[in-house]
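Here's the structure, in structure tokens; my notes come after.
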Amino acid sequence: MKVRIKFSKYGALKFIGHLDVMRYFQKAIRRSGIDIAYSEGFSPHQIMSFAAPLSVGHTSEGEYFDIEVIHFTDEADFKERLSSVMVEGIDILKVQLLPEDEKNAMAEVAAASYLVSFRKEEDLPEGWQKKLMDFYAGENIPVKKKTKKSEKEINLKESIYDLQIREEKKIYMLLNASSGGNIKPAFVLECFFKTLEYDLPEYALVIHRMETFKDIGTNGIRKLVPLIWEK
Amino acid sequence: MRKLALRDEILMQVEKPARYIGGEVNAVMKDLSEVEVRFAMCFPDVYEIGMSHLGIQIIYDMLNQFKDVWCERVYSPWVDLDAIMRREKIPLFALESQDPVKEFDFLGITVQYEMCYTNILQILDLAGIPLLASERGEEDPIVIGGGPCTYNPEPFCDFFDLFYIGEGETQYRNLLDLYKACRDQKESRSIFLEKAARIPGMYVPSLYQVTYKEDGTVCKRIPLKEDIPLRIKKELVRDMTNTFYPQKPVVPFIKVTQDRVVLEIQRGCIRGCRFCQAGQLYRPVRERDVEMLKEYGVKMLENTGHEEISLSSLSSSDYSALPQLLDFLMDHCREKKINISLPSLRIDAFALDVMNKVQDVKKSSLTFAPEAGSQRLRNVINKGLTEEMILEGARLAFEGGWTRVKLYFMLGLPAEEEEDIAGIAELCNKIAAVFYETVPKQNRSGRVQIVASTSFFVPKPFTPFQWASQCTKEEFLDKAYLTRKAVSQQLNQRSIKYNWHEADASVMEGIFARGDRRLNKVIQKAYEMGCMYDAWSEYYKNEVWIRAFEECGIDPDFYTVRTREDDEIFPWDFIDCGVSREFLLREWHKAQRQEVTPNCKVQCSGCGAAGYRTGVCMQDRSARREEEVRCESQD
């Protein structure tokens, strides 16, 4: 049986990297006594799949992973057992028993939403809010994206599904987070500020992931819903 | 939410920020309003090393079981953060509360190896505590040291207010009660220290003066106050079962060196290898009850979620209930997919059978520690491992499918000859030959891999070799060269890989191991000249150390290459580790005659540790008595 778990990451725990979060949950599941399934072979490991890695330093209220279990009582009991072995900085938000044909969390990720704010606003170029909306309004936003091997030009517009200014100085973004086309929120803003000939200082951004989505649309029409979603 | 001592921008730019945030699973948080004594427990090295140390975990657990005490952890900031903290004047903080260490009542520092001495100064410096105990004021924490290096605390005694000699489980409660009483009565720091010096195991270095003879050796120790003990007797846990041991050790977020449950099955070692300091310091051997170990093993696995459990001791094969404990753990761990690791097992049929069961098919390499290349030299060091045992162990291992063997040796042992060095290469060759004889050609997938490593011998206090002279760097390197040459002349040389260590650090380790009070200023000088993290070869600056010795006008050779007379007064002689100086001297003379001494289970050799009336010292007598009774009843 496949179970999907939604969790948040905040406070000091934002400094724990993706691999260490995976190790943290492997140990947490052992502590919880949850009957997780193991892979076959000489060195069995827990069957576990994480949705989308979160960069060190970011907080989130929309992280997901799937595990395969042998026994399952109900969602409330499962959530309670896992919650009882957490530390401050990671909360279990939701648990869902998945249909057997559900793809694993990582394969399902289509998009993620972020709320970005600035550590220091006073140094930003005057009127950046309007300029950002103008930047986003363009049909084509050609940018150079570095891949492992080369640098290629892409149209950034195709990967930004939504962009808004919130509370005057925060930026909401809904971005492609699929394994083939993941765009990081910091990259979008770096591209934008480059057009203003302004170099963002290091660690200027405070990034919070709000949700991770899958695409349940048909016929090429995108319909994004959270990874745990009830019809 | 917990506050953090470091700003986000700092944590984002340092390597592994998880080293500094605390908040791990099982880390202990307390309400400050209910706490009377704040204790910062420090391992002066980087987090991943410090977090792997069992002793600190025991003390951390014990102190936090005391309702009125909150013990928190402190480790050395890595060099990247060290630079930022100095630049921005950020005081060193403890992980749990993230409060500055300077606000604590105690700063405890465990001193595990000689090459961490400059890191002690780093800790004090970053904390804003004066480096010299003599310059500290009423508001500064009491700096207390413990751990194996404090059996000769003299080279770094100026930096400590107090040392706790021996095992931490026994006297902390008394010490903390005294501290509280002194504080209530508004007694000064010096009065507290003077009273503490009368608690068993406590050593207050400022209460003694040391004079030296013309030849530079110690003449006399003079207590500066009345009623201060002349000798400090090691503290020791008599009952290893009904004592403190953590059931909920802290689980780090990042991978540390010892990323597993560590179950200490016994303390001490019966073997009496003459180079080994631990083998003397932790006498007598005391086993923990097997039922306690079963219970704790299960609880610790449940409370941590670790996927591995390791049995810890100096020589696990000597634990009397090992088969029973392993059967239990194997049953428990199999279904939970938990690995069992067994360091320090003597390779024999039993060990290989167990390793086969717990390690599945992925065969790791097997390790032998003959320490010396010839039987003659193994007799000198009293290493009771014969060539037949090694070759038979290897044969069984090769039959069982192992193809990699690691061997550990020491170079520069007392009475070492060229033939002994050649013996290292010959032993490796013989093991390789055993492989080719044992494993038929069609079953081989390539050559056997024999990896021989040598370290350089450093004489340590409280061992029979405390009288021995140490090799110079040049002699060490000549010996490594000879070993390499001998390996290359073997028939099976292509199956043998040979590694050796750097010599500079071994010489420095030797200086501090048997140093005296005059070295304090050298350590401080070297630290001021930039030495830190000396245990990390990439940061060890030998030339700076040499300059520090020159500037202090101290000849390092005095501490290493010199031959010590039988009756020389050593700087550490005032500490009573339970093993008598007469026994050690007897062993030193026996070594020179290549005579071996039987282990504690075979025969008592009268080392003096029986004075603690516990462990193997008591078992032997009762076993013997039982045997006598049986003989009598048969008559």
Side-chain angles (χ1 to χ4, degrees), chain A residues 8-48 55-59 70 81-82 84-91 117-120 186 201-208, chain B residues 1-29 48 95-96 98 248-256 259-261 298-309 333-339 359-364:
Chain A
S8 63
K9 198 175 164 203
Y10 57 93
L13 268 279
K14 70 182 174 200
F15 296 108
I16 308 299
H18 180 62
L19 288 175
D20 291 324
V21 168
M22 290 168 65
R23 276 168 25 88
Y24 166 82
F25 273 110
Q26 284 162 7
K27 290 182 199 280
I29 283 173
R30 285 176 181 279
R31 289 195 299 275
S32 74
I34 285 169
D35 209 356
I36 192 168
Y38 284 81
S39 65
E40 302 290 320
F42 292 139
S43 50
H45 56 270
Q46 297 177 349
I47 301 178
M48 190 183 267
S55 302
V56 173
H58 297 190
T59 54
I70 295 165
R81 282 169 72 177
L82 211 45
S84 70
V85 294
M86 290 296 110
V87 293
E88 184 186 284
I90 290 188
D91 290 343
S117 51
F118 297 93
R119 237 176 263 285
K120 269 191 190 161
E202 249 186 318
Y203 321 115
L205 303 175
V206 178
I207 298 173
H208 178 70
Chain B
M1 225 181 342
R2 281 172 65 248
K3 61 165 184 177
L4 292 179
L6 300 171
R7 296 196 312 275
D8 281 10
E9 296 91 313
I10 293 176
L11 285 164
M12 290 296 288
Q13 60 183 290
V14 298
E15 202 184 301
K16 301 190 188 175
R19 286 166 172 164
Y20 312 111
I21 61 174
E24 304 95 326
V25 171
N26 297 335
V28 177
M29 295 300 291
E48 296 93 302
L95 292 185
E96 280 76 359
Q98 301 270 311
K248 294 177 87 176
V250 178
V251 185
F253 291 117
I254 52 173
K255 229 179 155 58
V256 299
D259 184 29
R260 49 187 74 83
V261 164
V298 170
K299 283 193 176 148
M300 290 172 82
L301 286 166
E302 281 174 4
N303 291 334
T304 58
H306 279 310
E307 40 281 291
E308 186 167 331
I309 180 167
C333 294
R334 194 175 298 122
E335 49 187 304
K336 296 191 161 55
K337 310 279 190 290
I338 292 164
N339 296 317
Q359 295 190 329
D360 288 324
V361 184
K362 269 198 309 181
K363 294 264 152 79
S364 55

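In what follows, every chain begins at residue 1, and chains take the letters A, B, ... in the order their sequences are listed.
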Residue B:E302 versus chain A: region with a heavy atom under 4.5 Å: backbone
Separation of A:K14 NZ from B:M12 CE (nearest 0.5 Å): 8.5 Å
CZ-CD distance between B:R2 and A:E88, expressed to the nearest 0.5 angstrom: 6.5 Å
Nearest heavy-atom neighbours spanning B:I21 and A:A12: CD1-O, 3.4 Å
Qualifying residues under side chain to side chain contact (heavy atoms under 4.5 Å, CB included), relative to A:S84, sequence neighbours excluded: A:E80
Portion of A:Y38 that has a non-hydrogen atom of chain B nearer than 4.5 angstrom: side chain
Side chain, backbone, both or neither of B:Q13 within contact of chain A (heavy atoms, under 4.5 Å): both
Spatial distance of atom NE2 (B:H306) from atom CZ (A:R31) [nearest 0.5 Å]: 9.0 Å
Interatomic distance, B:I254 atom CD1 to A:F15 atom CZ [nearest 0.5 angstrom]: 13.5 Å
Residue part contacting chain A, namely of B:L4, when any heavy atom lies under 4.5 Å: side chain
Side chain to side chain donor-acceptor pair (under 3.5 Å) against B:R7, all qualifying residues, sequence neighbours excluded: B:E88
Ionic contact status for A:D20 with B:K16, cut-off 4.0 Å: no
From B:K337 atom NZ to A:H45 atom NE2, the distance as rounded to the nearest 0.5 Å: 12.0 Å
Atom group of B:D8 that falls short of 4.5 Å from chain A, counting heavy atoms: both
Straight-line distance of B:L301 CG to A:K27 NZ, nearest 0.5 Å: 10.0 Å
